[in-house]
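As structure tokens, the structure follows; a few thoughts come after it.
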Amino acid sequence: MALSKRKRSQVIRGVQYAVLVIVVVLLALVANWGQIRRAFFNLSAAGEQFPEIISTALVNTIIYTALGFAFGLVVGLVLALMRLSSVGPYRWIATVYIEFFRGVPALLVFIAFGYGVPLAFQARFDNYTTVMLSLGLVGSAYMAETIRAGIQAVPKGQLEAARSLGMSRGRTMVTIVIPQAFRIILPPLTNELILLTKDSSLIYLLGLARDEYELAKFGREGLNTTGSLTPILLAGLCYLIITIPLSLLSRRLERRTGGRKVSSPESTGLEVSA
Amino acid sequence: MTAQTQAQDPDTGLAVEITGLTKSFGSLQVLRGIDLAVRPGEVVCIIGPSGSGKSTLLRCVNLLEEPNGGTVRVHGTELTHPDVDIDAARRQIGMVFQSFNLFAHLNVLNNLTVAQRKVLRRGQAEAEQVARANLAKVGLAEKAGAMPAQLSGGQQQRVAIARALSMDPKVMLFDEPTSALDPELVGDVLGVMRQLADEGMTMLVVTHEMQFARDVADRVLFMDGGVVVEEGPAAQVIGDPQHERTKSFLSRVLYPTHQGPSD
């Protein structure tokens, strides 16, 4: 049977819709809707979560993420500059650091930080500091590579113009290159922030007091006390309250920087030595 | 002679003094011993085929390229001396690039003030005053608030000239300033450069604009293969070239339709 090209693509599309409908219908028939409603949509269990799920858990998640992101950004910038340094040992140290923290599960980093640091240094930071350090260290490894790529994406002519005006290497970096690099990497950096928001769910390992709970821990506690999965659903929705605006923002930034990239007709490859 | 007297030797009275300059990129020797002396207020145009080393020569004058040998002096300061503060030396040398290189994240006014404030340590008010004066000079006073991406190529290049002038340079270097421009925008940029030359600015210009070189340059250098093949007054080098290579280059540039099978 010789179908025309157009005919065949119509048939293929029809099959795709059919498969979708069949799967949805099957799932709908198989699922126990009563159980689902009782487990995930228990109104009294939901009521118990408020207002703490917002006033404590959501706020804490935002605070932890913000602290980790800020610290990670600073360390990431330093690492990126080390990676681009003309001093060999700086490059090696940064490379080892980045490969280590990118290759190790964040979970292990949190355990190591929660239990290892107090042992090793006979010092116990308060939880906010520990969160900032451990989330920041994990985030910084990812951010360092993004920042480095951004710095290298700044056209070489920008550096030459700055140097020809008498700016030193460091001044050029700080005043001309880094601001433009951050403009370029704003979209991927926003994605790092989303990842970090979710990673913040791992800090329950540090052992938190009730007023230090973040969303995931708070949801699990709710699950234990109410025996209903509703708190978990609510916690999930709260994450989306944070992450969906961020991902919309990231997409908007992407469009903006994509439409009007750094203007220079002659954008060459670049070797920066910081 | 101590390092100090080597670095500071103003008695020649020359704006730019280059002796025995050599530069290689890997195994490719781009400059094979250039000597050049430019008096204050002189306008020197450097012409030649692409790959002749003329841009590299210009970029060696403010050490954007590090020469392999020879010396570069600008108003008595030996830039090639190891002890010299190159950032300080570059403040006296304005540079205009083929691709403009305006700072993409700053508006026009801030493009003109950033180096004044960070390098010359001028206050905001003074820097802004200098910037606005130079913008007016290049005919773009009303563009102070614009971003570079909103300007035409010709406007960007004039802003770039104003930016360099805002540092009060003693010497201006132009590296093919009109080569990236649409033909109808070239005139504005050349007009600004002409005005600058009339005001007595010392200028080194790498260019393909023969009419400009003929009208404005006090002296024209023809470079080929990393050496200065011929130099002299503009009318002589462009109007009555002596060397075969100069003649063939000029015939190709001036009468491109008469081009033969090419070499």
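In what follows, chains carry the letters A, B, and so on, assigned in the order in which the sequence lines appear, proteins first and then strands, with residues in each chain numbered from 1. These numbers come from the heavy atoms of this one structure, side chains and all, not from hydrogens, waters or symmetry mates.
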Check your understanding: Counting only heavy atoms not in Y97(A), do more than 12 fall under 6.0 Å of its OH?
Key -> yes
Check your understanding: Within a radius of less than 6.0 Å around OH of Y128(A), do more than 12 heavy atoms belonging to other residues, nucleotides or ligands occur?
Key -> yes
Review point. Would the number of heavy atoms belonging to other residues, nucleotides or ligands and lying under 6.0 Å from CD of Q195(B) be above 12?
Key: yes
Exercise for review: Look up atom CG in L159(A) and atom CG in N101(B), then write down how far apart they are to the nearest 0.5 Å.
Suggested key: 10.0 Å
Point to revise | Single hit among L63(B), N62(B), D87(B) for side-chain contact (heavy atoms from CB on, under 4.5 Å) with R163(A) | key: D87(B)
Exercise for review: Would you mind telling me which of R163(B), M95(B), Q92(B), R91(B) has the largest number of heavy-atom pairs within less than 4.5 Å of chain A?
Suggested key: R163(B)
**Study point:** Shortest non-hydrogen contact from V114(B) toward M167(A)
**Key:** CG1-CE, 4.0 Å
**Study point:** Contact origin within L64(B) toward chain A - heavy atom pairs under 4.5 Å
**Key:** side chain
**Study point:** Side chain / backbone / both / neither for F97(B) at chain A, heavy atoms under 4.5 Å
**Key:** side chain
Exercise for review: Quick one: do L165(A) and V119(B) satisfy side chain to side chain contact (heavy atoms under 4.5 Å, CB included)? Show the steps, please.
Suggested key: CA-CA 8 Å; L165(A) 289 167; V119(B) 176; 5.7 Å; no
Revision key, fill the gap. All heavy atoms of L102(B) vs all of Q158(A), minimum pair found to be O-NE2, 2.8 Å
Practice item. Report the C-alpha separation of R59(B) and E160(A) in whole Å, then their side-chain angles, then the decisive distance to 0.1 Å, and conclude whether the side chain to side chain contact (heavy atoms under 4.5 Å, CB included) test is met. Key: CA-CA 10 Å; R59(B) 291 163 60 86; E160(A) 292 188 342; 2.6 Å; yes
Review point. Could you state the interatomic distance from OG (S168(A)) to NZ (K118(B)), rounded to the nearest 0.5 Å?
Key: 11.5 Å
Review point. How close do P179(A) and H105(B) get, heavy atom to heavy atom, and via which atoms?
Key: CB-CD2, 3.6 Å
